[in-house]
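In each ligand, atom 1 is the first atom listed, and ligand 1 is the first ligand listed.
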Amino acid sequence: MLAERIEKELNKQINAELYSAYLYFAMSAYFQEQGLTGFAKWMEAQTVEEMGHAKKIYDYVFDRGGRVELEEIKKPPVSWNSPLDAFKAALEHERYVSKLINELVKIALEENDYMTNNFLQWFVAEQVEEEASVGEIVQRLHLVGDRGNGLFMIDRELGQRTITLPTNQQ
Ligand code: FEO
């Protein structure tokens, strides 16, 4: 059985993951509009992965006999100044999500909920990957600038991304 506080926090995290999906879907639409279809595809894959993160928590709440209560999802921005600006915003967002996950771990330990702590370790590791992959793209965009051949090369490369869905295994 989940403590009420943990159940509430996990529900909040489901909302944060769904907002992440929404934000990246908005970024995907922005890139599509700019004719940068590789960037758009990368963001679309990111959207699906974030939905997977929400579903992973959703399943865990049920596994522990808890209740899922979905809240309203905030409206994301509709455009950014440049591809670099969008990716910088994505990096900032991932750092924020890492903070939320760290906070959740802290709460799980305060409640002596070692099962939830163990469950959350998957997200701790995932955040390292998320920050690294977005951070690498930010760095490359800094190097090539916001237009020209370099940008189109990155676009082509990002278009190759495949979707990795999380499983319920640790
Ligand atoms: Fe689910 Fe990108 O954090």
field: Partner of Val124 by side-chain contact (heavy atoms from CB on, under 4.5 Å), out of Asn117, Leu104, Val105
entry: Val105
query: Do any of the N/O/S atoms of Glu17, backbone or side chain, fall under 2.8 Å from atom 2 (Fe) of ligand 1?
result: no
- prompt: Going by heavy atoms in the side chains, are Glu49 and Glu44 under 4.5 Å from each other?
  reply: no
query: Looking at the rings of Trp42 and Phe87, which for Trp means the six-membered one, are their centres under 6.0 Å apart?
result: yes
message: Looking only at N, O or S atoms, which one in His53 sits nearest to atom 1 (Fe) of ligand 1?
response: ND1
task: Determine which of the N, O or S atoms in Glu50 is closest to atom 2 (Fe) of ligand 1 and give its atom name.
output: OE2
message: If the cut-off is 2.8 Å, does any N/O/S atom of Glu94 fall short of it from atom 1 (Fe) of ligand 1?
response: no
task: Return yes when at least one N/O/S atom of Glu130 is nearer than 2.8 Å to atom 1 (Fe) of ligand 1, and no when none is.
output: no
- request: Classify the angle between the aromatic ring planes of His93 and Tyr96 as parallel (below 30°), tilted (30 to 60°) or perpendicular (above 60°).
  value: tilted
query: Under 6.0 Å from the CZ atom of Arg156, do we count more than 12 heavy atoms belonging to anything else shown?
result: no
